[in-house]
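Let me begin by presenting the structure, written as structure tokens, before commenting on it.
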Amino acid sequence: MLDIAMFRENADMIRADHDRRGISHDSIDEIIRLDEEWRKAQYDTDQIRRERNSAAKGIAEAKKSGDISRAEEILSEVADLGERIAELGAMADECLRKRDELRMRVPNILHPDVPVGEDDQKNTLHSLHGSKSEFEFEARNHNELIEMNGWVDQSRGAKVAGSRFYFMQGDLARMEMALQQFSADFLIKRGYTLVQPPLMMNRDAYEGVTDLSDFETVMYGIEPDNYYLIATSEHPLTAMRMDEIIEPNELPVKLVGVSQCFRREVGAHGLSDRGIWRVHQFTKIEQIVVCHPEESWNHHEELLENAVDLWDSLGLHYRVVNICTGDMGTVAAKKYDLEAWLPGAGSYKEVVSCSNCTDYQANRLRMRYRTKEGNEAVHTLNSTAVATSRALVAIMEQNQLEDGRVSVPEVLRPYMGGQEILEKLSSLQ
RNA sequence: GCAGACGUCGCUUAGCCUGGUAUAGCGCCGGAUUUGAAAUCCGGUGUCCUAGUGACUCGGGAGUUCAAAUCUCUCCGUCUGCGCCA
């Protein structure tokens with residue numbers, strides 16, 4: 001959510017941003033109109049309250065001096081004030097509610113470096129890492145590999161839960177855990193604090209961190225308790241300090257979250273999504289930074305560097321792209337994606353997303369830090385380190401052997417008792 | 001789940017019974033003093049607006065009242081004990 005001061009003092013900046021995104025200005029003008037209306041109604045209400053307060057004071061004084069008739073006289077004069085306050089106040093509240101309902105939907109102001117474009121085709125190449133592996137055989141896609149090795153049981157997942165649920169088993173499950181531990185350790189060494197968050201959040205906290213439309217398309221709701229299963233540990237970790245004033249010496253807060261992530265994936269279909277690429281449940285290791293506003297762009301680069309170093313250490317080939325205006329979403333001001341090369345699929349696909357959300361989430365979460373001038377919104381950033389399901393797909397496709405087995409990235413072997421090759425599930429042999 | 005206690009400004013705390021508009025300490029900021037620092041003293045320290053002799057703010061919401069931190073209801077959370085439990 002953008003600071004209301006920006007609508008009052010710098011609306012042209014928001015309009016210019018909407019132009020870059022190619023969306024209408026209408027809501028900006030409506031927000032400004034509602035804001036003016038609210039300020040007027042709020043002022044009028046304050047004036048009547050003021051009247052009421054001074055009358056109340058008069059009554060208190062009259063009673064104190066024993067002048068009961070004087071007290072009753074004042075009382076009769078102000079008898080209807082309560083009703084007027086209630087009426088005007090309700091009008092003011094309604095304006096404010098409408099204003100902020102619209103304001104919640106206005107996207108963040110984009111960084112100038114964000115390329116302009118309609119969709120992901122216009123994302124620009126930032127850097128290329130590693131190179132395509134040469135196979136002397138026809139590379140399989142990951143879905144074929146998990147089927148022939150019995151590493152993922154999709155049909156029984158569908159039976160006991162639903163489509164896009166799965167049982168991961170055998171050596172692949174073992175490597176999944178190794179990936180979690182390796183990635184967490186990698187970031188702990190760089191000064192990040194490991195956090196295991198709640199996997200459910202309440203509505204109020206959740207509205208602070210995400211696009212409102214996600215409630216319809218992404219998050220699972222838990223009835224009758226009104227909780228939402230988290231779509232990523234970014235959400236609880238960022239909301240962790242909502243409604244707090246943070247002492248400047250506590251910044252930057254650097255966290256590495258590990259959690260299961262739950263996503264409805266409404267509307268996502270297609271043959272290319274078979275297997276574990278796009279599923280309702282997966283594990284993700286996530287980086288989070290909460291920092292001074294003037295330091296967030298440095299931290300954004302640092303998060304990218306961490307992700308790049310981590311993926312380099314896994315020995316994988318991928319590229320980094322700078323996400324364009326049309327592919328950006330509501331919350332981030334700038335976003336890099338890492339796209340891993342999938343030889344079986346023959347394309348680069350998204351495995352990491354690295355965002356600077358500036359003060360957008362902090363404004364919604366009322367998350368501020370103390371300065372000499374007053375309390376100011378902090379900046380929040382997040383980046384995937386590893387989403388294990390997708391990293392496993394990249395490892396399987398890039399490290400596959402002719403017989404369908406998969407070699408384990410060297411850095412993961414110590415976490416797997418030295419195991420070098422993922423073997424077929426023994427019950428299949 | 002049951003019973004009891006509790007939730008006050010960044011932190012700690014007084015006020016609640018008996019309604020009259022939040023007390024003190026710590027921390028932080030500014031000033032005085034000092035060669036400098038410490039100590040001491042003075043002032044400030046949340047949110048909103050049309051910036052005032054202004055409004056709001058005591059876990060959230062609602063109610064009673066001219067007036068609610070204070071009384072009532074309700075929800076949330078914390079602690080203690082009991083119960084259940086990986």
Side-chain angles (χ1 to χ4, degrees), chain A residues 1-9 31-101 103 196-208 221-228 236 239-253 260 290-292 359 362-378:
Chain A
M1 185 167 66
L2 301 179
D3 192 333
I4 191 63
M6 194 178 282
F7 290 87
R8 291 174 189 163
E9 295 155 19
I31 288 164
I32 292 170
R33 190 189 67 76
L34 284 165
D35 182 51
E36 283 166 359
E37 208 173 305
W38 167 70
R39 284 155 79 175
K40 176 77 172 67
Q42 187 64 40
Y43 180 79
D44 292 346
T45 312
D46 281 358
Q47 294 315 303
I48 305 173
R49 282 210 178 100
R50 179 184 189 172
E51 218 176 298
R52 182 189 66 182
N53 288 346
S54 79
K57 213 169 274 179
I59 291 170
E61 275 164 23
K63 281 192 175 175
K64 211 174 189 177
S65 62
D67 191 347
I68 301 299
S69 62
R70 174 65 188 147
E72 281 173 357
E73 187 185 332
I74 299 172
L75 205 152
S76 67
E77 282 169 13
V78 300
D80 68 324
L81 287 187
E83 213 165 299
R84 288 171 60 201
I85 289 169
E87 265 173 47
L88 258 175
M91 192 191 296
D93 289 350
E94 183 63 6
C95 289
L96 192 66
R97 192 190 61 76
K98 282 188 193 161
R99 183 196 81 179
D100 286 341
E101 191 177 289
R103 188 158 66 110
Q196 295 181 351
L199 301 183
M200 300 178 203
M201 290 171 67
N202 62 48
R203 177 96 192 189
D204 186 39
Y206 225 134
E207 282 185 352
I222 305 289
E223 299 292 346
D225 301 290
N226 294 117
Y227 292 132
Y228 293 86
M240 204 170 163
R241 289 169 176 269
M242 71 183 282
D243 285 318
E244 290 187 26
I245 293 168
I246 303 172
E247 298 297 336
N249 61 18
E250 291 182 72
L251 298 175
V253 177
Q260 297 290 120
V290 178
C291 68
H292 287 103
D359 61 0
N363 281 329
R364 287 192 184 184
L365 292 167
R366 301 165 296 277
M367 200 157 76
R368 298 164 298 167
Y369 75 105
R370 202 186 296 284
T371 77
K372 287 179 189 176
E373 290 75 32
N375 300 326
E376 280 181 33
V378 294

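- The pair A/Arg241-A/Glu250 meets the salt-bridge criterion, since a charged nitrogen lies less than 4.0 angstrom from a carboxylate oxygen.
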Sugar-phosphate means primed atoms, P, OP1 and OP2; the rest is base. With that split, encode nucleotides 46-63 of chain B 5' to 3' as B, S or - using protein heavy atoms under 4.0 Å.
SSSSB-SSBSS-------
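- A salt bridge links A/Asp35 with A/Arg39: the closest approach of a Lys/Arg side-chain nitrogen to an acidic carboxylate oxygen falls below 4.0 angstrom.
- With a cut-off of 3.5 Å on both pairing distances, the Watson-Crick or G-U wobble partner of B/rG15 is B/rU8.
- Listed by residue number, the members of residues 86-93 of chain A with any heavy atom below 4.0 angstrom from RNA chain B form an empty set.
- Computed from coordinates, the A/Lys63 NZ to B/rU18 C1' distance equals 14 Å when rounded to whole Å.
- Nucleotides B/rU78 and B/rC17 place their C1' atoms 24 Å apart, quoted to the nearest Å.
- Closest non-hydrogen pair, A/Trp38 versus A/Ala92, comes out as CD1-O, 3.1 Å.
- Distance noted for atom C1' between B/rA24 and B/rG15: 11 Å (whole Å).
- Separating the CD1 atom in A/Ile32 from the CD atom in A/Glu36 is a distance of 7.5 Å, to the nearest 0.5 Å.
- Base pairing analysis places B/rU35 opposite nothing; no Watson-Crick or G-U wobble pair with both distances below 3.5 Å involves it.
- Contact check on A/Glu101 versus A/Arg97 returns a salt bridge, with a Lys/Arg side-chain nitrogen under 4.0 Å from an Asp/Glu carboxylate oxygen.
- Whole-Å rounding puts the A/Asp243 CG to B/rG77 P distance at 15 Å.
- Remark: A/Glu73 engages A/Arg70 in a side-chain hydrogen bond (donor to acceptor under 3.5 Å, both in side chains) (not counting sequence neighbours).
- Across all strands shown, B/rU50 remains unpaired; no Watson-Crick or G-U wobble contact has both distances below 3.5 Å.
- Distance noted for atom P between B/rA37 and B/rA22: 37 Å (whole Å).
- B/rA32 and B/rA39 are spaced 14 Å apart, taking the C1' atom of each and rounding to whole Å.
- Pairing for B/rA62 is with B/rU72, a Watson-Crick or G-U wobble pair whose two hydrogen-bonding atom distances lie under 3.5 Å.
- Side-chain atoms of A/Asp225 never come within 3.5 Å of backbone atoms of A/Tyr227 as a donor-acceptor pair (strictly under, hydrogens ignored).
- A/Lys57 comes within 4.0 angstrom of nothing in the nucleic acid, heavy atoms only.
- Put simply, CD on A/Glu244 is 9 Å from P on B/rC11, counting in whole angstrom units.
- A gap of 36 Å separates the C1' atoms of B/rC2 and B/rC9, to the nearest Å.
- Atom CD1 of A/Ile246 is separated from atom P of B/rG10 by 13 Å (rounded to the nearest Å).
- The backbone N or O of A/Leu2 lies less than 3.5 Å from a partner atom in the side chain of A/Arg103, making a donor-acceptor pair.
- B/rA67 is unpaired under the Watson-Crick or G-U wobble criterion, no partner having all donor-acceptor distances under 3.5 Å.
- A/Arg366 has its CZ atom 17 Å from the C1' atom of B/rG10, to the nearest Å.
- No more than 12 heavy-atom neighbours from other residues, nucleotides or ligands sit within 6.0 angstrom of CD on A/Gln196.
- Checked for salt-bridge contact, A/Glu207 and A/Arg364 miss the test: no charged N lies under 4.0 Å from a carboxylate O.
- Taking the P atom of each, B/rG43 and B/rA62 are spaced 38 Å apart, rounded to whole Å.
- In this structure B/rA22 sits in no base pair that meets the Watson-Crick or G-U test at under 3.5 Å.
- Here the P atom of nucleotide B/rG19 and the CD1 atom of A/Ile59 are 16 Å apart, to the nearest Å.
- Within 6.0 Å of the CE atom in A/Met1, the count of heavy atoms belonging to other residues, nucleotides or ligands exceeds 12.
- Nucleotides B/rU33 and B/rC16, compared at atom P, are 43 Å apart to the nearest Å.
- Taking atom CD of residue A/Glu373 and atom C1' of nucleotide B/rC29, one finds them 10 Å apart after rounding to whole Å.
- Taking the P atoms as reference points, B/rU45 lies 12 Å from B/rU23, given to the whole Å.
- The base-pairing partner of B/rA86, taking Watson-Crick or G-U wobble contacts with both distances under 3.5 Å, does not exist among the strands shown.
- Look at B/rG43: its Watson-Crick or wobble partner, with both distances under 3.5 angstrom, is B/rC29.
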